[in-house]
Amino acid sequence: MTQKKSKLNRRDFISSSAKMALAAVSLPLLKSSPALAKPAGRKLKVALVGTGIRGSGTWGKALIKNYSDVLEMVGLCDINPVRMEYAKGYMGAECPTYTDFEKMIEETSPDTVVVTTTDCFHAKYICQAMKMGCDVITEKPMATDEKMAQEILDTERKTGKKLIVTFNYRFSPETVKIKEILMSREIGEITSVDFNYYLDVYHGASYFRRWHGLKQYSGSLFVHKATHHFDLMNWWLSAEPVEVYAHGELRKYGHNNAFRSVRCKDCPHKEKCEFFWDITTNEHLMNLYVKAESADGYIRDSCVFRKKINIWDTMTAQVQYHNRVMMSYSLNAFMPYEGYCVGFNGTKGRLDARIYHSQPWKVTNLADFRITHSFKTSKTFNLTSGGGGHWGADRIMQDRIFREPGPDPLGQAADSRHGALSILIGIAARRSIEQERPFKIEELVKM
Ligand SMILES: NC(=O)c1ccc[n+]([C@@H]2O[C@H](COP(=O)([O-])OP(=O)(O)OC[C@H]3O[C@@H](n4cnc5c(N)ncnc54)[C@H](O)[C@@H]3O)[C@@H](O)[C@H]2O)c1
């Protein structure tokens, strides 16, 4: 293994971290954002860009079903008109559709734009919408590189418009429980964290079948997927990242296999491939993607072994926070089960949490917890799922956004700063791997 070189020696690093720590005290540190500006006397006018699975489901069908008393869907936009037409019917929307975003905004005058496109286009639409006078709700990741992140922060500042980043994981029952335990200081001050995330051979593989497998679209899983995990950690710790040092490898998918094809649907290796996935058995996905291929050529069931794949499936990162907490993170995308383990080391004890998302054995809990007090006892307890999209999290988050938000004692609402800090850990990790050195967050963006 090659030794990575840092331009900073240890003493410089500690002194610059200490300065950051002091500086950060006066920053609006992970402060919660206010709610969307709601128009008086009429419904909120919402337009949506990106009518794929997430857009048409969570931000389309579900919004129209659950919030039609407070909002009105006024326009839909996508580069694929065939998918958009099907999605419109699926959602039960009655608004016009557009392939031209600016035209949609001019003709429908939305108050708020929801952005659910492929990741690399989020920044373009966020900025365009704010410049045209709209607030924005964007899916994660807020952007895929540092230039886009800077442009969003600058545009928000200049236009005075508001950006909400939809970190639904902050509303899942187990992440809330972790936040409450840490805020109670039951295990004292946190000094370091072990955080290991496992994606399985089904869900993990799905990233390699889609546009996510190309860095230029997703920013890699360090950005696309880990933005959730890094946001959780920033929020759990109420801390801001200072430096990242990472490794990444592609060990299972992409070029690694002895055989490959273009896609599963017509694959000559169907019988022998463990990753064969039959999209033809799912009518919704056939309508949304396969029948829309004529418009943009996008293949939803691409071969997980295609040589073009340029993201990693095996990743580790060391993250240093402004308050001297050290986090050791890993993400693996071909595991036999899915979920995560997180352990917080505190000055008075340790919190262990094991979260089960899917596994080939029977599990009735969503999460098992153990809190161990130093020199004292250890106690365990568990949690069950809240039910619904992402263990109940999607609905709770949308209620907070579209209905009266009420108090936010855990600081769950996320804005552009939170969106930026989470992706910047992943972007710094990417740069760290490319340049074989630790990478500072302040090298990327001026906040
Ligand atoms: N928070 C969560 O739990 C969660 C879950 C799933 C997806 N997501 C996010 O939602 C977004 C969409 O993901 P998806 O799974 O629905 O993907 P998808 O491929 O199903 O949909 C993306 C849509 O964007 C459209 N699109 C692509 N480029 C465009 C452009 N330049 N202009 C307009 N439209 C464009 C595509 O035609 C497609 O309809 C992603 O950013 C993803 O990270 C979040």
Side-chain angles (χ1 to χ4, degrees), residues 47-62 75-88 90-91 97-105 113-126 128-129 136-144 148 164-172 175 199 203 206-207 209-214 216-221 223-229 231-232 279 282 284-285 287-302 357 388-398 401 414 419 422-423 426:
L48 175 81
V49 59
T51 59
I53 191 95
R54 185 77 175 159
S56 63
T58 312
W59 295 103
K61 197 181 177 81
L76 302 176
C77 175
D78 200 289
I79 44 162
N80 187 320
V82 183
R83 173 155 42 248
M84 182 160 50
E85 218 34 57
Y86 168 72
K88 179 181 169 179
Y90 173 76
M91 292 177 203
T97 57
Y98 298 84
T99 49
D100 180 331
F101 182 75
E102 276 192 40
K103 193 164 176 232
M104 173 174 78
I105 305 297
V113 171
V114 178
V115 179
T116 52
T117 61
T118 305
D119 299 349
C120 62
F121 302 114
H122 289 182
K124 169 183 157 185
Y125 290 121
I126 293 169
Q128 220 168 339
V136 182
I137 297 171
T138 185
E139 261 301 348
K140 45 56 59 174
M142 185 179 95
T144 51
M148 296 176 187
I164 291 178
V165 184
T166 56
F167 284 125
N168 47 349
Y169 279 33
R170 290 185 180 201
F171 298 86
S172 189
T175 66
L199 294 169
H203 184 214
S206 80
Y207 294 104
R209 298 183 199 288
R210 301 182 275 165
W211 49 260
H212 311 59
L214 301 179
Q216 53 275 35
Y217 290 115
S218 65
S220 83
L221 291 180
V223 174
H224 173 84
K225 190 67 194 168
T227 182
H228 273 309
H229 313 151
D231 175 66
L232 281 177
I279 193 171
N282 186 320
H284 181 46
L285 297 186
N287 286 325
L288 203 55
Y289 300 108
V290 178
K291 290 187 182 159
E293 280 172 17
S294 56
D296 62 4
Y298 174 60
I299 298 176
R300 172 64 181 77
D301 64 336
S302 287
H357 286 164
H390 294 101
W391 310 278
D394 287 340
R395 186 67 193 268
I396 303 170
M397 178 183 70
Q398 289 183 332
I401 295 174
S422 72
I423 53 171

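Order of listing sets the numbers, starting from 1, for every ligand and every atom in it.
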Heavy atoms from other residues, nucleotides or ligands near OH of Y298 exceed 12 (cutoff 6.0 Å):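 Enclosed.
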Flag for S422-D231: side-chain donor and acceptor within less than 3.5 Å: no
Polar contact flag, side-chain donor to acceptor under 3.5 angstrom, W59-E139: yes
With sequence neighbours excluded, residues passing ring pair (Phe, Tyr, Trp, His ring centres under 6.0 Å) with Y125: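 With sequence neighbours excluded, Y125 shows a ring pair (Phe, Tyr, Trp, His ring centres under 6.0 Å) to F101, given in chain and number order.
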Ring pair (Phe, Tyr, Trp, His ring centres under 6.0 Å) partners for H228, two or more places apart: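 With sequence neighbours excluded, H228 shows a ring pair (Phe, Tyr, Trp, His ring centres under 6.0 Å) to Y169, given in chain and number order.
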Option of least heavy-atom distance to atom 26 (N) of ligand 1 (set: V223, L48, I79):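 It is I79 that holds the nearest heavy atom.
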From I53, L285, V49, V82 - option closest to atom 14 (P) of ligand 1 by heavy atom: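 The residue whose heavy atom sits nearest atom 14 (P) of ligand 1 is I53.
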Under 4.0 Å from any heavy atom of [X], which atoms of ligand 1 are there?
{"X": "Y289", "answer": "18 (P), 20 (O)"}
{"X": "G52", "answer": "16 (O), 20 (O), 21 (O), 23 (C), 39 (O)"}
{"X": "T51", "answer": "39 (O)"}

Heavy atom of the protein closest to atom 36 (C) of ligand 1 (residue, atom name, distance):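 So the nearest neighbour among protein heavy atoms is D78 OD1, 3.5 Å.
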Atom 27 (C) of ligand 1: nearest protein contact (heavy atom, Å): T118 OG1, 3.2 Å
Test: R210 cationic atom under 6.0 Å from Y207 six-membered ring centre, within 45° of axis: yes
Consider ligand 1: state whether an atom of it lies below 4.0 angstrom from any non-hydrogen atom of [X].
{"X": "F101", "answer": "no"}
{"X": "K124", "answer": "no"}
{"X": "Y125", "answer": "yes"}
{"X": "M84", "answer": "no"}
{"X": "F167", "answer": "no"}

Ring geometry between H284 and Y86 (parallel below 30°, tilted from 30 to 60°, perpendicular above 60°):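 Geometry flag for H284 against Y86: tilted rings.
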Backbone N/O of A87 and side chain of S56: donor-acceptor pair under 3.5 Å: no
